[in-house]
Protein chains: 2
Amino acid sequence: MARLSDIIEEFIKSLIKQSEGELELQRNELAEYFECAPSQINYVLATRFSLDRGYHIESFRGGGGFIRIVKLNLDEDDYLLYLTNERIGVSITWQESDDIVTNILERGIINEREAAIMKAALRDKTIAVPKNLRGVIRANMLRAMLVAIISTQV
Amino acid sequence: MARLSDIIEEFIKSLIKQSEGELELQRNELAEYFECAPSQINYVLATRFSLDRGYHIESFRGGGGFIRIVKLNLDEDDYLLYLTNERIGVSITWQESDDIVTNILERGIINEREAAIMKAALRDKTIAVPKNLRGVIRANMLRAMLVAIISTQV
DNA sequence: AAGACAAAGGTCAAAGATGGTCAAAAGATA
DNA sequence: TATCTTTTGACCATCTTTGACCTTTGTCTT
């Protein structure tokens, strides 16, 4: 776990926690602080603060420009319906599905064990079919499991 | 004269013992340490740390990638291990998998919701691939989910 | 107001860092 | 010798890091 991206991720998350869900930062400043390429900040934002992980990013260029990160707090039921009806299309990657499951775990919609069961089923190794088919099966699986969760909700 | 694979096996086992059942290691680092081909590490993992022998392996590629080895709890999960290693073969029908899930629900190993999630994933409709492949995927899925259950058991 | 320049941030593809797979070669064993 | 196991290496898949080049906005000068 020596990845710089992970370290930057944790740093940003701690800042978000301190500022209660919303944060504004400057890309170049952060890049200088971590002695990395500015574009690495974009990479961290794209991979660790994606919508699937429950964040929203806005940015503003020009002098005085900045990046705003907002931790989203949506209604559980709406979010699950959004996932099954819109987000999960005909195909989905492992990374995306993994992010989504982590996200609903963090929102308290499912527990650790349910998340572990779902993630196990969604792994590439589990779905051992040609690549083009794999994403399609995974989308079906994730959707089916989410529907099961929705219908067992109390 | 002990074979290298045996030496590596013992080495890894001692690390697992030290870290109480769960270990993360880097393939290239280990290969360098033992001055062997990286793929020999895969060989050791495949032959000595298989599910049959009570281990679960997960790996992550890319910069900072690593391999996680989890020693499963053999004593308490006898029945589950029988399922993963013997009962579920290379292929399984929907009916069989559904019965197995119902069975572990009735034994109190999983709860209603976990059963619902698993059954949703195992349905024919979810695994929309040619019939001959379907049973194979289902076997992988059921096994993977059961392993997840074993390793999240407290 | 127009133009020039500075100060952000964005994109994308190449290079780097891991790990995986598979089959052939080498070695051990029956 | 025949067969089984181990070792190796060539080629593949995925994630991370870096850098060259682009776009947008603000400010200063004329």
Side-chain angles (χ1 to χ4, degrees), chain A residues 1-12 23-50 52-53 56-69 91-99 102 119 122-135 138, chain B residues 1-12 23-50 52-53 56-70 140:
Chain A
M1 148 83 172
R3 290 187 209 104
L4 180 54
S5 287
D6 290 336
I7 296 169
I8 297 175
E9 174 186 0
E10 287 313 312
F11 181 76
I12 293 176
L23 172 68
E24 279 166 21
L25 56 82
Q26 297 214 271
R27 189 182 75 149
N28 290 341
E29 195 184 312
L30 200 59
E32 224 167 283
Y33 180 76
F34 284 105
E35 291 174 34
C36 66
S39 53
Q40 179 148 17
I41 305 301
N42 296 79
Y43 177 73
V44 172
L45 294 177
T47 58
R48 317 296 217 263
F49 296 89
S50 62
D52 286 339
R53 290 194 181 200
H56 173 61
I57 306 276
E58 256 179 311
S59 69
F60 302 87
R61 306 192 197 189
F66 61 92
I67 297 172
R68 178 181 297 144
I69 308 174
S91 179
I92 194 167
T93 66
W94 167 72
Q95 187 74 78
E96 292 169 326
S97 67
D98 202 73
D99 284 348
T102 301
K119 287 186 174 197
L122 293 165
R123 275 196 282 273
D124 270 12
K125 212 174 166 185
T126 304
I127 312 171
V129 296
K131 212 175 165 189
N132 56 326
L133 252 183
R134 193 182 297 153
R138 180 157 31 221
Chain B
M1 172 164 99
R3 281 156 303 192
L4 180 53
S5 287
D6 292 335
I7 296 170
I8 297 176
E9 174 186 1
E10 287 314 312
F11 181 76
I12 294 176
L23 172 68
E24 279 168 21
L25 56 83
Q26 298 212 271
R27 189 182 75 150
N28 290 342
E29 196 184 311
L30 201 59
E32 223 168 283
Y33 182 76
F34 285 105
E35 292 174 36
C36 65
S39 54
Q40 179 148 15
I41 306 302
N42 296 80
Y43 177 73
V44 173
L45 294 177
T47 58
R48 319 293 216 267
F49 296 88
S50 62
D52 278 343
R53 297 191 178 199
H56 172 59
I57 308 273
E58 252 181 313
S59 69
F60 301 87
R61 306 190 196 189
F66 60 91
I67 298 172
R68 177 181 299 142
I69 308 174
V70 182
N140 283 342

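Lettering of chains follows the sequences in order, A, B, ..., and the numbering in each one begins at 1. On a predicted model such as this, the values are computed, not experimentally measured, just so you know.
Taking NZ from A/K131 and OG1 from A/T93, the interatomic distance works out to 10.5 Å, rounded to the nearest 0.5 Å. Summarising the geometry, atom CZ belonging to B/F34 is positioned 7.5 Å from atom CD1 belonging to B/I7; distances are rounded to the nearest 0.5 Å. B/I8 contributes atom CD1, which lies 4.0 Å from atom CD1 of B/I41 (distance to the nearest 0.5 angstrom). Interatomic distance, A/L122 CG to A/I127 CD1, rounded to the nearest 0.5 Å: 6.0 Å.
When the nearest nucleotides of DNA chain D are assigned to B/Q40 and A/L4 by heavy-atom distance, the more 5′-ward of the two goes with B/Q40. Positionally, the nearest nucleotide of DNA chain D for A/V44 lies more toward the 5' end than for the other of A/V44 and A/G64.
We find that CD of A/Q26 is positioned 13 Å from P of D/dG26, with the value rounded to whole Å. The distance between atom CG of A/L30 and atom P of D/dT18, rounded to the nearest whole Å, is 14 Å. Following rounding to the nearest Å, B/E35 (CD) and D/dT8 (P) show an atom-to-atom distance of 10 Å. The distance from atom CD of B/E9 to atom P of D/dT6 is 9 Å, rounded to the nearest whole Å. The OH-C1' distance, from B/Y43 to D/dG9, rounds to 16 Å in whole Å. Between the CG atom of A/D6 and the C1' atom of D/dT16 there is a distance of 10 Å, given to the nearest Å. To the nearest angstrom, P of C/dG27 lies 15 Å from CZ of B/R3. The nearest whole Å value for the distance from the CZ atom in A/F66 to the C1' atom in D/dG26 is 14 Å.
Applying the 6.0 Å contact sphere to CD of B/E10 captures more than 12 heavy atoms from other residues, nucleotides or ligands.
For D/dT7, the OP1/OP2 oxygens have a side-chain nitrogen or oxygen of B/S5 closer than 4.0 Å. Taking only side-chain nitrogens and oxygens, A/Q95 comes nearer than 4.0 Å to OP1 or OP2 of D/dC15.
Within the 4.0 angstrom heavy-atom criterion, no nucleotide atom of any strand lies near A/I41. At the heavy-atom level, B/G63 lies under 4.0 Å from base atoms of the strands shown. Using a 4.0 Å heavy-atom cutoff across all strands shown, A/G62 reaches at least one base atom of the nucleic acid. Within 4.0 Å of B/R68, counting heavy atoms only, lies no atom of the nucleic acid at all.
You'll find that the side chain of A/N28 is closest to C/dG9, out of D/dT14, D/dT7, C/dG9.
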Dump every N/O contact between nucleotides 20-23 of chain C and the protein below 3.5 Å, one line per pair.
| from | atom 1 | to | atom 2 | distance (Å) |
| --- | --- | --- | --- | --- |
| C/dG20 | OP1 | B/S59 | OG | 2.9 |
| C/dG20 | OP2 | B/N42 | ND2 | 2.8 |
| C/dG20 | O4' | B/R61 | NH2 | 3.2 |
| C/dG20 | N7 | B/R27 | NH1 | 2.9 |
| C/dG20 | N7 | B/R27 | NH2 | 3.2 |

Solution key, residues 57-69 of chain B side-chain donor-acceptor pairs under 3.5 Å, sequence neighbours excluded:
| from | atom 1 | to | atom 2 | distance (Å) |
| --- | --- | --- | --- | --- |
| B/E58 | OE1 | B/R68 | NH1 | 3.1 |
| B/E58 | OE2 | A/R123 | NH1 | 3.2 |
| B/R68 | NE | B/E24 | OE2 | 3.0 |
| B/R68 | NH2 | B/E24 | OE2 | 3.1 |

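Between B/R53 and B/T47 there is no side-chain heavy-atom pair separated by less than 4.5 Å.
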